[in-house]
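This report concerns only the one structure given below.
Order of the sequence lines fixes the chain letters, A, B, ..., with proteins taken first and strands second; residue numbering starts at 1 for each chain.
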2 protein chains.
Amino acid sequence: MNLKQLSHMLSLSQTTVSRALNGYPEVNEETRRRVMDAAKRHGYRPNPSARRLATGKSGMIGYVLPTGNAVDIDPHFVEFLSGLGDYARSHELDLVLSPADADDQETTYRRIVANRQVDAVYISSPRPADRRLALVNTLGIPFIVHGRSEGFDFDYPYLDIDNEGAFHEAARILVQLGHKRLALINGDDRETFAIHRERGVRRALAASGLTLGERHICSLTMTEENGYRAARRLLEQSEAPTAIVCSSLIMALGVVRAVRDLDLTIPGDLSLVAHDDVFPWLRPENFPVPLSTTRSSIRLAGARVAERLAARISGLEEGARGEVWPVDLVVRGSVAGAPV
Amino acid sequence: MNLKQLSHMLSLSQTTVSRALNGYPEVNEETRRRVMDAAKRHGYRPNPSARRLATGKSGMIGYVLPTGNAVDIDPHFVEFLSGLGDYARSHELDLVLSPADADDQETTYRRIVANRQVDAVYISSPRPADRRLALVNTLGIPFIVHGRSEGFDFDYPYLDIDNEGAFHEAARILVQLGHKRLALINGDDRETFAIHRERGVRRALAASGLTLGERHICSLTMTEENGYRAARRLLEQSEAPTAIVCSSLIMALGVVRAVRDLDLTIPGDLSLVAHDDVFPWLRPENFPVPLSTTRSSIRLAGARVAERLAARISGLEEGARGEVWPVDLVVRGSVAGAPV
DNA sequence: AGAGTCTTCCAAAGCGCTTTGGGTTTTTCG
DNA sequence: CGAAAAACCCAAAGCGCTTTGGAAGACTCT
């Protein structure tokens, strides 16, 4: 059932039927009703390929997926996706993942824009002066960044959590509890979120005249193994920290294991706070010692990004509005006063 | 730069240029070279929307993503995606995720097929007599199932691992080590993989005249917390198992925690084997006691599914070939003889 | 040399929709 | 009551590609 058949069936022109269906004003309400009705009754759905060719709009949002043999997709991605998908579903938006060589994403961005494959894109895990941002900005496709970049002379729309504030707060509490030697187990410090977190910790320490020593900071991809290694390295040195702030729950698993291997205890010998993105399958309250966390649902972020993307596509949102979400600090058993 | 311009520029008809570019035989090799050359030089890329409208092919593969407020996307998904994306990239295939109400995926399948949005789809986490399978089969779109269903009177193409064999082997080893009371902590037993795993364990036990008691089997979604709960329930009963076979590494985390809470040890009091899908961020050899596993890379499966999907799209693969991958049993420190 | 066969190319007809640029009616209003 | 303005509808021209159905010329074969 296509437009031609439908319009013939109604003894109307394709123009009128099309207009009626798309809500244009120059059609009699009575006629519109007739058309809508017939369309529904016959299950008419405009062919998206045709519509696309005619309008250039695809009704899809895009994401360039960095791939490669040595490239691992962040497990956070799937949670973000849950939220995104949840919103997208209710608005009949599809998501197209365009896999790209992790070292050359530009080609792919250019392709999907040139081909008008998607109406908007989102960018995640941005770095300072991230080239993807500059690119997408000049290409002129609607976009939203999940996270933040830095060092651009233009503004851009983004959704981020207050990483600096969260880690500032976590560190502040620890300092208040008497800890003088804090350590930070961070994610890859080429990414902005990690930089912000470090900044937050440093600022909290500085407020009490403390510093974050070179040997008290680790930046690694967020795996259990790296958490373990970092913790071993930190805890086996002479000036071992009495508190650790950790960028991920998965790394925290490794920290806990290291602490055990070293016959230390939490929170007796070490206080631990980690960031929790809220995975359904791993919850901080279920750690051997309930884990204090800075918490922010990455899933909600996904839904919000989708929402804003949809708004930008339909022209409801304009400009370069940045949105920063506050982060909860949830104190559980893993923090205590500094050992004497 | 479109076809019209290019062909005008070459003083050829659009027909000829199109044919030259798409490798049709009825064009002079000399001419073809000229065309190809000019196309490359001017960076001509056929408009996919137009091509789509004309051919009905989209160059994309689809996946219907079950979503909903209470629906969590399996963290395995992201690993599978890594593999899929890795292959897709090298073949300029995009993946479109169509979010659907988890309770009504049929509508979405019908839509993407009717709209010819994708050239093929894959289906994951199938259940026995899975309706999606029957649907997709009648709709006539190329597809591949990752996993297996059961109870259909038609064959279908799939890629699965030998879940039954893997768990049979794991249980067999444990029995050989003298264990008489085995337990199984399984995933959601409405899914085929879980059924197969249970079958494997039962078969191994039966071979030695043992059985898997009602109280020695748990089927839950694969979270750390559920692993913990299941283990507690199993280990606190009178006829506590001396060995557990567990369907996921994430659940195994919970098992380990439970064992500790109960002041038991692995492998002294309990032997443990889990299935490992090979996550980059959580490795069995890094468990407190290195974990024995049945191992199969879900990422490789993703790549293979993409490969076969591509083959089916281009007509290189036909029929309903099923492919079952063997699973490695990797024995590490977490298994030992049954306690006396 | 004429008939038949390849080879090489083309004009034009789709694919199914949106949108432009008018035409008719009908309504409004001085 | 006649003219200007709305209201309503249509034919046809795209969007950019693929593919059908030939046509023209070059080659082969008897």
Got a sec, which residues hit salt bridge (Lys or Arg N to Asp or Glu O under 4.0 Å) with A:Glu150, two or more places apart in sequence or on another chain? A:Arg199
Between A:Leu3 (CG) and D:dC10 (P), how many Å, whole number? 12 Å
Exceeds 12 heavy-atom contacts within 6.0 angstrom, atom CZ of A:Arg111: yes
Salt bridge (Lys or Arg N to Asp or Glu O under 4.0 Å) contacts touching residues 75-90 of chain B (sequence neighbours left out): B:Asp86-B:Arg89
For B:Gln117, give me all partners under side chain to side chain donor-acceptor pair (under 3.5 Å), at least two apart in sequence or on another chain. A:Asp94
Going by the rule ring-ring contact (aromatic ring centres under 6.0 Å, His included), which residues pair with A:Tyr44 if we only count those two or more places apart in sequence or in a different chain? none
Specify the separation, in whole Å, of atom NE2 of B:His8 and atom C1' of D:dG16. 17 Å
Not counting sequence neighbours, which residues clear side chain to side chain donor-acceptor pair (under 3.5 Å) with A:Asp104? List them please. A:Thr107
Ranking D:dC9, D:dG16, C:dC17 by distance to the side chain of B:Asn47, first place goes to D:dG16
Just to verify, what does B:His91 make a side chain to side chain donor-acceptor pair (under 3.5 Å) with, not counting sequence neighbours? B:Tyr87
So that I can tick it off, tell me whether B:Arg33 and B:Glu30 are bridged by a salt bridge, with the cut-off set at under 4.0 angstrom between side-chain N and carboxylate O. no
Send over the distance from A:Leu53 CG to D:dA13 P, rounded to a whole Å. 17 Å
If you fit an axis to the five pairs at each end of the helix from C:dA1-D:dT30 to C:dG30-D:dC1, how big is the angle between those two axes, to 10 degrees? 40°
Residues within residues 111-120 of chain A bordering DNA chain C, heavy-atom distance below 4.0 Å: none
Assuming nearest nucleotide by heavy-atom distance, tell me which of A:Ser49 and B:Glu29 is located more 5' along DNA chain C. B:Glu29
Can you measure A:Arg52 atom CZ to D:dC17 atom P for me and round it to whole angstrom units? 14 Å
Anything under 30° is parallel, anything over 60° is perpendicular, the rest tilted; go ahead and classify A:Phe80 against A:Tyr122. tilted
Give the rounded distance in Å between these two atoms: NZ of A:Lys4 and C1' of C:dC15. 11 Å
Test of understanding: with side chain to side chain donor-acceptor pair (under 3.5 Å), list the residues that count as partners of A:Asn69, not counting sequence neighbours. none
Please list all pairs passing the side-chain hydrogen bond (donor to acceptor under 3.5 Å, both in side chains) test where one or both residues lie in residues 131-144 of chain A, with sequence neighbours left out. A:Asp130-A:Arg132
Picking from D:dG16, C:dC17, C:dC10, which would you name as closest to the side chain of A:Arg51? C:dC17
Let me know the distance between CG of B:Asn2 and C1' of D:dT18, rounded to the nearest Å. 14 Å
Expected list for residues 17-27 of chain B: side-chain donor-acceptor pairs under 3.5 angstrom, two or more places apart:
{"unit_1": "B:Asn22", "atom_1": "OD1", "unit_2": "B:Arg51", "atom_2": "NH2", "d": "3.0"}
{"unit_1": "B:Asn22", "atom_1": "ND2", "unit_2": "B:Ser18", "atom_2": "O", "d": "3.2"}

Under 4.0 Å, heavy atoms only, any strand: does A:Ser11 hit a base, just the sugar-phosphate, or nothing? sugar-phosphate
Under a 4.0 Å heavy-atom criterion, the protein footprint on nucleotides 19-28 of chain C, written with B, S and -, is BBB-------
Without decimals, in angstroms, what is the distance between B:Leu6 CG and C:dC10 C1'? 16 Å
For D:dC8, does either OP1 or OP2 sit under 4.0 Å from a side-chain N or O belonging to A:Asn28? yes
